[in-house]
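Taking it in order: structure first as structure tokens, then the write-up.
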Amino acid sequence: MRTIVQTLHGEAVRLSDSPLAQGGEAAVYEVPQYPSVVVKLYHPQVLDKRRNSLRAKIEAMCTDPALAGFKQHSRMTWPRFSVFDERKQWRGYAMKKAAGVRMTVLAHAMAYHEHFPDLDRPALLAYLLNLLSTMQELHAAGVRLGDYNPANFLCQPDGREVTLIDCDSWQVQAAGRTFHCPVAAPEMLPPELLGKDLARTHRTLESEQFSLAILIFKVLMLGRHPFDVVGGESPVANIRQGHFPYGIGGGGIPKGAWFNIWSHLPFRLKEQFVRTFRDGSRDPTERTTVPEWIQLLSLYQREITRGWHAAEIKPPAPKKSDYRGSQSAPQPLSA
Ligand SMILES: Nc1ncnc2c1ncn2[C@@H]1O[C@H](COP(=O)(O)OP(=O)(O)OP(=O)(O)O)[C@@H](O)[C@H]1O
Ligand SMILES: [Mg+2]
């Protein structure tokens, strides 16, 4: 089927015959005439229910002077302009075409080998730091991502950059209104948001910080969820109870690769996970902030290059207490 859409000014644009990809809400098409652009067309059943509210949000995102600059941002796919069908009905929007591999592949015990054969911890940290710098810009503009789905963070196999997609789900303050983020996987939410009607719930910087800490943990720990307790309850039940099994008194770090990785993480980093997931589960002011993560992860990266921490994705053994990275053990003077 040949799909043609129009811009507000009536320019007709032909889309690719079949979608490039689809999500739960929309299909994304290439535009042969403009290879750097894609068009997201919401599914008819989504438009039936939410056409006016979606249109209001997208157009506010495109036009609000404090946000419109994100349309040119190289690492996000901010909506650029609305598109309409031949009957002038609003159908969706155009945005920059993004490339890259989903962060779910990076945060996985096996899958990363295929796309990132040379991946090591400094590279993992470079992706996280790149994402954090984008988040800092968004937070400064009052945007809250709300939906920390790692499939929406596309990692470039060369270049260590991360491009953000599905921007229309974010919470934005634009054109004098707040548009909420209506979606999220429960296991990525802080306890205070569990069970809430997200379409009517305000996301705060603190709620972002909790979800972000889960994402960072998953990336550093081969995709393992921080609240996944061996033989215990579900991650969501553990989030509700603030039951984080790592660290002193945690009651059980899973054996094997995760145990080794956790033992090799810098103490200061582990402290922040424990703080955010235990104290921060009841008290949102006890959650590590984006600038704090940037500082901690940059330091971790520098310390790896000095040989203080293992650089491998899966260190083969737990850290010994006197271990100093890959440096050889000091030779006795008499040797
Ligand atoms: N700017 C883009 N460039 C290239 N591909 C894209 C872009 N935006 C989305 N895609 C592809 O289209 C898919 C669906 O897009 P998106 O996640 O925005 O849809 P959605 O229906 O809102 O999804 P969800 O149901 O998760 O909210 C993505 O997983 C991705 O593969
Ligand atoms: Mg979406």
Side-chain angles (χ1 to χ4, degrees), residues 1-32 34 37-64 67 71 76-98 102-104 143-154 163-175 177-189 193-203 211 236:
M1 190 193 67
R2 179 173 262 221
T3 309
I4 298 188
V5 291
Q6 301 181 15
T7 66
L8 188 60
H9 308 295
E11 185 194 355
V13 182
R14 188 171 69 78
L15 306 184
S16 51
D17 290 341
S18 48
L20 176 68
Q22 305 220 37
E25 297 199 297
V28 172
Y29 290 83
E30 288 179 292
V31 185
Y34 301 107
V37 175
V38 291
V39 165
K40 180 167 178 171
L41 299 185
Y42 291 96
H43 299 318
Q45 65 275 23
V46 173
L47 290 170
D48 284 348
K49 286 199 195 114
R50 294 166 47 214
R51 187 190 308 264
N52 291 343
S53 58
L54 282 168
R55 179 177 182 175
K57 181 174 187 178
I58 297 301
E59 293 190 345
M61 289 174 84
C62 292
T63 55
D64 188 291
L67 301 174
K71 288 194 274 193
M76 56 180 99
T77 54
W78 196 266
R80 289 205 176 152
F81 53 84
S82 287
V83 299
F84 303 81
D85 63 20
E86 64 287 352
R87 291 179 295 128
K88 302 265 190 253
Q89 293 269 345
W90 190 86
R91 289 288 309 275
Y93 65 91
M95 64 183 141
K96 182 176 91 84
K97 183 176 178 186
R102 296 163 164 216
M103 203 174 250
T104 31
V143 178
R144 308 285 174 253
L145 272 68
D147 181 17
Y148 279 75
N149 176 358
N152 291 337
F153 305 133
L154 301 184
T163 306
L164 284 65
I165 62 167
D166 208 8
C167 309
D168 54 297
S169 65
W170 298 345
Q171 173 177 297
V172 294
Q173 316 230 11
R177 287 177 59 185
T178 298
F179 297 90
H180 289 125
C181 168
V183 285
E187 69 270 14
M188 297 302 286
L189 287 175
L193 294 188
L194 287 171
K196 289 261 170 73
D197 174 4
L198 295 176
R200 285 171 229 290
T201 302
H202 194 70
R203 310 299 184 96
S211 302
V236 171

Go through the structure and list residues passing side chain to side chain donor-acceptor pair (under 3.5 Å) with Q45, not counting sequence neighbours.
none

Identified side chain to side chain contact (heavy atoms under 4.5 Å, CB included) counterpart of V5 within the set V31, L15, D85:
L15

Side-chain heavy atoms of H202 within contact of R144, under 4.5 Å:
no

What's the separation between atom CD in Q22 and atom OH in Y29, rounded to the nearest 0.5 Å?
6.5 Å

Answer whether the closest heavy-atom distance between the side chains of L189 and L198 falls below 4.5 Å.
yes

Identify the two heavy atoms, one from A174 and one from L67, that lie closest to each other, and give their separation to 0.1 Å.
CB-CD1, 3.7 Å

Restricting to non-hydrogen atoms, name the atom on A151 and the atom on L154 that form the minimum distance, rounded to 0.1 Å.
O-CD2, 3.9 Å

Take V28 and K97, measure what side-chain contact (heavy atoms from CB on, under 4.5 Å) needs, and give me the verdict at the end.
CA-CA 10 Å; V28 172; K97 183 176 178 186; over 6 Å; no

Enter the distance from C167:SG to I58:CD1 here, rounded to the nearest 0.5 Å.
9.0 Å

Is any side-chain heavy atom of R203 closer than 4.5 Å to one of L145?
no

Are any of the side-chain heavy atoms of T201 and L193 separated by less than 4.5 Å?
yes

Applying the side chain to side chain contact (heavy atoms under 4.5 Å, CB included) test to Y93, which of L54, V83, D168 qualifies?
D168

Measure from the side-chain N and O atoms of R80 to the backbone N and O of K71, and report whether any donor-acceptor pair falls under 3.5 Å.
yes

State, with a plain yes or no, whether a side-chain heavy atom of T3 is found less than 4.5 Å away from one of L41.
yes

D147 and W170, any side-chain heavy atoms less than 4.5 Å apart
no

List the atom of W78, the atom of V143, and the distance in Å for their closest heavy-atom pair.
CH2-CG2, 4.0 Å

NZ-NE2 distance between K49 and H43, expressed to the nearest 0.5 angstrom
12.0 Å

Nearest heavy-atom approach of I4 to A12 is CG2-CB, 4.0 Å

When every non-hydrogen atom of A98 is compared with those of I165, the smallest separation belongs to CB-CG2, 4.0 Å

Is there side-chain contact between R55 and Y42, with at least one heavy-atom pair below 4.5 Å?
no

Check whether any side-chain heavy atom of W90 sits under 4.5 Å from a side-chain heavy atom of E59, and report yes or no.
yes

Quick one: does S211's side chain have a donor or acceptor within less than 3.5 Å of a partner on M188's backbone?
yes

With sequence neighbours excluded, residues passing salt bridge (Lys or Arg N to Asp or Glu O under 4.0 Å) with R177:
none

Quick one: OG on S169 to CG on N152, what's the gap to the nearest 0.5 Å?
6.5 Å

Backbone N/O of Q171 and side chain of H180: donor-acceptor pair under 3.5 Å
no

Scanning both residues in full, the closest heavy-atom pair of S16 with P32 reads N-CD, 3.9 Å

Can you list the steps and then say if D166 with N149 is a side-chain contact (heavy atoms from CB on, under 4.5 Å)?
CA-CA 10 Å; D166 208 8; N149 176 358; over 6 Å; no

Determine, stepwise, if the pair L164 / T77 fulfils side-chain contact (heavy atoms from CB on, under 4.5 Å).
CA-CA 6 Å; L164 284 65; T77 54; 5.8 Å; no

Please determine which of E86, E11, K88, R91 meets the side-chain hydrogen bond (donor to acceptor under 3.5 Å, both in side chains) test together with Q6.
K88

Which residues satisfy the side chain to side chain donor-acceptor pair (under 3.5 Å) test with Q173, sequence neighbours excluded?
T178

Gap separating the CZ atom of F153 from the OG1 atom of T163, nearest 0.5 angstrom:
11.5 Å

